Amino acid sequence: MKVVLENLTKIFPSRDKKSGKEVVAVNDFTFEIPDGQLVGLLGPSGCGKSTTLYMISGLQKPTSGKIYFGEDDVTELSTENRGIGLVFQNYALYPHMTVKQNILFPLQNLKGKDKLSKEEMLDRALNAARLVQIDELMDRKPSELSGGQQQRVAIARALVKMPRVLLLDEPLSNLDARLRLQTREEIRRIQKETGITTIFVTHDQEEAMSISDVIVVMKLGVVQQIGEPQSVYDDPKNLFVAKFLGTPPINVLEGKVVDGKVYIGDDDVLDVTGVDDQEVYIGIRPEGLEPNDNGRLTCGLSNIEVMGRDASVVATNAASANPVVRAIINSDIRIDTTSQTIKFNVKPHKFFLFNKQTEERVYFEVK
Amino acid sequence: MVESKQQWKAWLYLSPAILLLLVFTVWPIFNTLRMAFLDGYGNMAAMGGATFEFGIENFLKVIDYDKFLDCLKTTAILCVATVPVSTALALLIAVALNSIKPLQKTLQTIFFLPYVTNSIAIGMVFATMFNIVGYNPVERAADTWGIINLVIQFFGGEPISWINQGSSYTANIVVMIVYIVWNALPFKILILLGGLQSINKQYYDAAKVDGTRKARVLTRITIPLLSPMLAYVIITGFIGGFKEYSSIVGIFGEKMGPPDDAGRLNTMVGFVYDALEKDRQGLASAGALILFVIILLVTMFNNKVIKKHVHY
């Protein structure tokens, strides 16, 4: 089932009557989610990603705009008639019911021609439980389960109705780090097995990048960029997207373009064409800095953190907007740690220019 | 552990509270036990130098006394009839209050008013609504006055003597049930509303996504999640019900019954007060102990039943 959002906007009325300031949670969101894909809505707190999810679920009504499931306009449809499964951030499992009762609950609500016999219900509940591998725990109460198991129960409860669209609100935020890795693989597997179009919300870029087919980066209610995780990472449209994706984060330095040369401080680090002279922010991915004795960018050397396969060079530069300049290099490369300075060359495809005022990407060609 | 040298300080700081508890709680409890087991004990007689045998005569007298069984019956009827009704009504009102936004605070205040009103005053207003109190016995027509009877007559019914001369026991009990339920509502609403507001809203969102009908949300989600509060309200309701006294005084006056049958609606606590008035502290103590045992047993029974249905 493809999901289409058309000029979706949500405005919350002001809480403070005096100032009368409305809050635009989601602003003019247009996007088509292809059938059977896993989509991550990504952004910092307050960017409108959860509001978008709740509008798709029908728990919140958009101020304007339309939502389509396939060809059906579901904008005015109440949430129970949309055929969605929703997994809440803290799961919202009914604490007084066993796992089995929790999973059966949505099925027992079905009426009319959809009504199922007891055997069919049990059958479907068991299938859903097997899919998320909790069929051993059917008689436990939620309080007797670990966070990861509760998460699976919540997913089973959402899947048991065979929804057209599965929505997950911050599915991994309540899990510890190890469980998070495991569970995100699990979500990916379940989504692939069922083929249900799935939309999830997260503020963790690593989480979104690792399992999504498509990510949507949002900021203050406005969609910044939509695309496959790798292409968004490799080709950010603006400084916000560049900064939001990637760990360790991208190095941001102030600089300028003069006569086809990009300057950081006094160092001209790259020769470019097709760019007017201007003040710019320069984004360099940590893996885009190569130590080289004849390198064109000179930085102060702080220290080197070896992390097994890779090493992280921590350096300083007066023009840096981040506290430090970080380079990820192969740990086989030997660096002279007695030196006060280190020189880098930049990899042009890991090197981005952004207009200093608009923070939009400035495209260039390498000379 | 506190060093033993310091312990006297702890006792010093605790002493005011311990002293008050000893004088006003521990000693009276002990004294009640003592008086209950002294045959025919009375304070006046004791001061006059009389001595009393140790025995269980007081208890036998209480049980033997035919009015005692009537007291027990009235108390039991009032409990069994009012606690479920007031709890169910309070639940519905609390759920309704919780689901509205405008006027919620105002309505909450209105529903809470009976709680801050003197129960004797409420009783007098109720008495006036059901019948005129302090009527002239010659003017028998006044027995069936009052706004409730006007309403009954408006719908073509016969006026009923609710609490006056010639009223039936059933009519008296109906008045008491209405009054006690109304009086018990505010506290229960307050507790249940507090409970409702602490239920995570996401359970309701989850139910909505699954298309759960309203009645099913109430029975399968709200009531189970509210069960600790419901249990509290029911248990304290029964305890309060067994101690019913002032509400009956409020409506019927100290005679505890209609003018032509004083004492008809007497309760357990009323029985204890009557005995105290007649300088029969032994009998009163025995009655109080029996009441204590009854409340204890009922509460244990309630706990046992409720435990199966409460989800903490």
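In what follows, chains carry the letters A, B, and so on, assigned in the order in which the sequence lines appear, proteins first and then strands, with residues in each chain numbered from 1. From a predicted model like this one, the values you see are computed outputs, not experimental measurements.
Heavy atoms from other residues, nucleotides or ligands lying under 6.0 Å from NZ of A:Lys141 number more than 12. Shown here is B:Phe301, whose CZ atom has no more than 12 heavy atoms of other residues, nucleotides or ligands within 6.0 Å. The number of heavy atoms from other shown groups lying within 6.0 Å of NZ (A:Lys115) does not exceed 12. Residue A:Glu193 qualifies as enclosed at atom CD: its count of foreign heavy atoms under 6.0 Å is above 12.
Proximity to chain B (any heavy atom under 4.5 Å) is restricted, for A:Leu93, to the backbone atoms N, CA, C and O. In this structure, the portion of A:Tyr54 lying under 4.5 Å from any heavy atom of chain B is its side chain and not its backbone. Heavy atoms of B:Asn200 lying under 4.5 Å from chain A belong exclusively to its side chain. Of the atoms belonging to A:Asn90, heavy atoms from both backbone and side chain fall under 4.5 Å from chain B.
When every heavy atom of B:Leu225 is checked against every heavy atom of A:His96, the shortest pair comes out as CD2-ND1, 3.6 Å.
One finds the NZ atom of B:Lys201 at 14.0 Å from the CG atom of A:Leu59 (value rounded to the nearest 0.5 Å). Rounded to the nearest 0.5 Å, atoms CD (A:Gln60) and CG (B:Asp205) are 9.0 Å apart.
Of all residues spanning residues 80-88 of chain B, none has a heavy atom less than 4.5 Å away from chain A's heavy atoms.
In terms of heavy-atom pairs under 4.5 angstrom with chain B, the leader among A:Gly85, A:Pro95, A:Ser78 is A:Pro95. Chain B forms more heavy-atom pairs under 4.5 Å with one residue of A:Arg82, A:Gln108, A:Gln89 than with any other, namely A:Gln108. Looking only at heavy-atom pairs under 4.5 Å with chain A, the residue among B:Lys208, B:Arg216, B:Arg220 that has the most is B:Arg216.
Shown here are the side-chain contact (heavy atoms from CB on, under 4.5 Å) partners of A:Ser117, two or more places apart in sequence or in another chain: A:Glu119, A:Glu120.
By the 4.5 Å heavy-atom criterion applied to side chains, B:Pro224 and A:Tyr94 are not counted as neighbours. Residues B:Asp210 and A:Glu80 have side chains not in contact (no heavy-atom distance under 4.5 Å, counting atoms from C-beta outward).
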Is there a side-chain contact (heavy atoms from CB on, under 4.5 Å) between A:Phe105 and B:Thr212 once you walk through the steps? CA-CA 9 Å; A:Phe105 194 80; B:Thr212 318; 3.4 Å; yes
